[in-house]
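Below, chains carry the letters A, B, ... as their sequence lines are ordered, and counting in each starts from 1.
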Protein chains: 2
Amino acid sequence: MNKVLVVDDEPALARALAINLRAHGWEVVTAADGRSALEAAAGEHPDVVVLDLGLPDLDGTEVIAGLRGWTSLPIVVLSARQHGEDKVEALDLGADDYVIKPFAMNELLARLRAAVRRSQAPAPEESVVVAGPLEIDLARKRVSRDGADVRLTPTEWSFLELLARNVGRLVPREQVLREVWGPAYEHETHYLRVYAAQLRRKLEDDPSHPRHLITSPGLGYTLQ
Amino acid sequence: MNKVLVVDDEPALARALAINLRAHGWEVVTAADGRSALEAAAGEHPDVVVLDLGLPDLDGTEVIAGLRGWTSLPIVVLSARQHGEDKVEALDLGADDYVIKPFAMNELLARLRAAVRRSQAPAPEESVVVAGPLEIDLARKRVSRDGADVRLTPTEWSFLELLARNVGRLVPREQVLREVWGPAYEHETHYLRVYAAQLRRKLEDDPSHPRHLITSPGLGYTLQ
DNA sequence: GCCCGCCTTGATGGTTCCTTGACGGGCACC
DNA sequence: GGTGCCCGTCAAGGAACCATCAAGGCGGGC
């Protein structure tokens with residue numbers, strides 16, 4: 001199921017959107033201002049953001065800039081302003097699409113689907129990544145080792161998923177911290193060690209001599 | 001310069017678009033019907049397609065489907081139809097964006113920029129530099145020699161990467177020091193010798209008679 | 001309200017890597 | 001042949017980084 005973050009300061013509209021989106025199979029989280037939107041984007045890992053311009057605390061463009069600083073997560077902007085430069089500005093800042101209020105629900109749904117599809121397309125994304133005795137099913141968020149299911153915590157999964165999507169490639173430490181914990185955690189390298197150790201204990205035959213979750217000191221981690 | 005393929009059967013509109021786009025720095029090729037649009041997309045390698053629905057020969061949705069069969073090239077649909085399902089249908093078929101006529105030129109330009117940026121951002125920069133038995137994969141940060149992986153430290157990698165990005169060219173000592181250690185280290189030439197030696201020990205068959213990591217005394221280093 | 005799972009944080013010990021120094025060789029020039 | 005310069009090599013100390021264990025705190029589920 002795809003997850004969408006709805007950012008809107010009008011409770012009525014936010015609730016209406018949430019109900020409609022849930023009815024169409026989306027998992028919905030909401031935020032009422034820019035600050036909590038940025039937090040939620042980092043903490044909830046949505047697949048797409050619906051962003052209403054004109055929030056109480058931050059300008060909508062600041063929210064876009066704040067997100068684009070660390071993620072390419074698709075953003076669909078929602079606005080009542082029919083004319084003017086803000087549409088162009090939002091797109092140039094890195095928004096992915098723009099819908100004018102009032103809008104037809106099925107149009108918004110189509111644009112969300114398009115945004116998510118685009119963002120996922122470039123990852124050729126076999127939904128199951130195999131590494132030795134490990135099978136990582138990205139779509140179902142499941143991992144098995146020698147055929148037996150392995151239970152992971154949300155953070156462990158997020159870490160492993162990132163490595164799996166770049167299987168065979170070295171993923172830099174900063175990228176792991178940014179994408180798993182959020183942009184404010186780029187220097188919390190201790191987390192990496194703790195979670196790498198936890199994953200190894202669950203996934204490796206000999207956790208102290210890992211063969212699949214490999215550390216490159218000072219650089220990052222590789223799944224192979 | 002970015003190249004755009006404009007598909008429109010009205011010569012007047014097509015010409016107006018082409019002039020405007022060229023004025024904003026785009027390289028423009030045009031097609032007046034669906035069949036030639038598909039050919040042009042294959043032959044001209046545009047960065048983005050602007051597609052007017054309602055062509056004489058093929059339905060616009062068929063053009064989208066025809067393109068999506070083999071490429072993920074971004075498509076911006078142009079249409080006069082204000083309402084109805086075709087907007088949703090076009091997006092779901094794989095169009096990347098949708099602009100309704102009449103439209104503001106700067107909006108179309110912004111959407112084109114956004115579409116191109118999106119399509120290029122995730123391009124994983126598949127560049128592998130080969131020098132004799134060495135293969136240097138810049139994206140994966142991996143080096144192999146005769147097919148076997150070679151482990152490098154962060155500083156060694158940074159040094160080698162710089163040389164690999166300028167393979168065959170002499171990289172001045174000062175540039176190496178600046179880009180690997182930072183601007184304050186421009187005169188620490190000793191570092192160069194130590195790390196050049198370490199790299200040779202890992203990469204060369206006979207480290208004391210290097211064939212790939214070449215020193216030009218007083219000038220700099222070359223990878224070949 | 002309690003319990004449990006998970007995240008965070010600290011402490012410790014081991015490893016890797018960077019920096020720095022010392023020494024010898026080749027080369028040009030005097 | 002001596003001198004100076006630059007390069008290559010080796011080695012050691014210390015800093016940065018990693019692995020592991022464990023405990024406290026927080027929140028969600030019951």
Q: List in chain and number order the residues that pass side chain to side chain donor-acceptor pair (under 3.5 Å) with Asp205(A), two or more places apart in sequence or in another chain; answer none if no residue qualifies.
A: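 For Asp205(A), the residues satisfying side chain to side chain donor-acceptor pair (under 3.5 Å) (neighbours in sequence not counted) are Arg145(A).
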Q: Report the distance from atom CD of Glu156(B) to atom P of dT19(C), rounded to the nearest whole Å.
A: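 After rounding, the gap between these two atoms is 12 Å.
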Q: Given dC18(C), dT20(C), dT9(C), which nucleotide is nearest the side-chain atoms of Tyr191(A)?
A: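 Nearest to the side-chain atoms of Tyr191(A), counting from C-beta on, is dT9(C).
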Q: Tell me, for nucleotides 15-30 of chain D in 5' to 3' order, what letter each nucleotide earns: B for a base near a protein heavy atom under 4.0 Å, S for only sugar-phosphate near one, - for neither?
A: --SBBB----------
Q: Salt bridge or not for Lys202(A) and Glu156(A), using N-O below 4.0 Å?
A: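 So Lys202(A) pairs with Glu156(A) through a salt bridge.
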Q: Calculate, to the nearest 0.5 Å, the distance between atoms CG and CZ belonging to Leu78(A) and Arg111(A) respectively.
A: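 It comes to 11.0 Å.
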Q: What is the distance, to the nearest angstrom, from the CG atom on Leu177(B) to the C1' atom on dC6(D)?
A: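 It is 14 Å, rounded to the nearest whole Å.
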Q: Is the shortest distance from a Lys or Arg side-chain nitrogen in Glu44(A) or Lys3(A) to a carboxylate oxygen in the other one below 4.0 Å?
A: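 Between Lys3(A) and Glu44(A) there is a salt bridge, with a charged N closer than 4.0 Å to a carboxylate O.
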Q: Please produce a list of atom pairs where a protein N or O lies less than 3.5 Å from an N or O of nucleotides 27-30 of chain C.
A:
none

Q: Determine to 10° how strongly the helix from dG1(C)-dC30(D) to dC30(C)-dG1(D) is bent, judged from the axes of its five-pair ends.
A: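 What I find for the helix from dG1(C)-dC30(D) to dC30(C)-dG1(D) is an axis angle of 30°.
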Q: By nearest atom, which of the nucleotides dC7(C), dT16(C), dT20(C) is closest to the Thr153(A) side chain?
A: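 Given the options dC7(C), dT16(C), dT20(C), the side chain of Thr153(A) is closest to dC7(C).
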Q: Suppose the criterion is side chain to side chain donor-acceptor pair (under 3.5 Å): which pairs have a residue in residues 178-194 of chain A, not counting sequence neighbours?
A: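 For residues 178-194 of chain A, and leaving out neighbouring residues, the side chain to side chain donor-acceptor pair (under 3.5 Å) pairs sorted by first residue read Gln175(A)-Glu179(A), Arg178(A)-Glu186(A).
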Q: Expressed as a whole number of angstroms, how long is the span from Trp181(B):CH2 to dC17(C):C1'?
A: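 After rounding, the gap between these two atoms is 12 Å.
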Q: How long is the straight-line distance from CD of Glu161(A) back to CG of Leu223(A), given to the nearest 0.5 Å?
A: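 With rounding to 0.5 Å, CG (Leu223(A)) is 12.0 Å from CD (Glu161(A)).
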Q: Regarding Arg173(A) and Ser216(A), is there a side-chain donor-to-acceptor distance under 3.5 Å anywhere?
A: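 No - no donor-acceptor pair under 3.5 Å links their side chains.
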Q: Mind calculating the distance between NZ (Lys202(B)) and C1' (dT16(C)) to the nearest angstrom?
A: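 The answer, rounded to whole Å, is 10 Å.
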Q: Quick check on Arg113(B): does its CZ atom have over 12 non-hydrogen neighbours (other residues, nucleotides or ligands) under 6.0 Å away?
A: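 Counting other residues, nucleotides and ligands, CZ of Arg113(B) exceeds 12 neighbours.
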Q: Strictly by modelled atom types, are Ser208(B) and Asp206(B) linked by a side-chain donor-acceptor pair under 3.5 Å?
A: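 A donor-acceptor contact under 3.5 Å links the two side chains.
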Q: Considering residues at least two apart in sequence or located in another chain, which fulfil the side chain to side chain donor-acceptor pair (under 3.5 Å) criterion with Arg15(A)?
A: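 Testing Arg15(A) for side chain to side chain donor-acceptor pair (under 3.5 Å), a comparison that skips the adjacent residues, returns none.
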Q: Less than 4.0 angstrom between a side-chain N/O of Tyr195(A) and OP1 or OP2 of dC6(C), yes or no?
A: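 It does not, given that no N or O in the side chain of Tyr195(A) lies less than 4.0 Å from OP1 or OP2 of dC6(C).
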Q: How many angstroms lie between atom CG of Leu108(A) and atom CG of Leu21(A), to the nearest 0.5 angstrom?
A: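 Separation between the atoms: 6.5 Å.
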Q: Roughly, in whole Å, what's the span from CD in Glu188(A) to P in dG10(C)?
A: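 Between P of dG10(C) and CD of Glu188(A): 9 Å.
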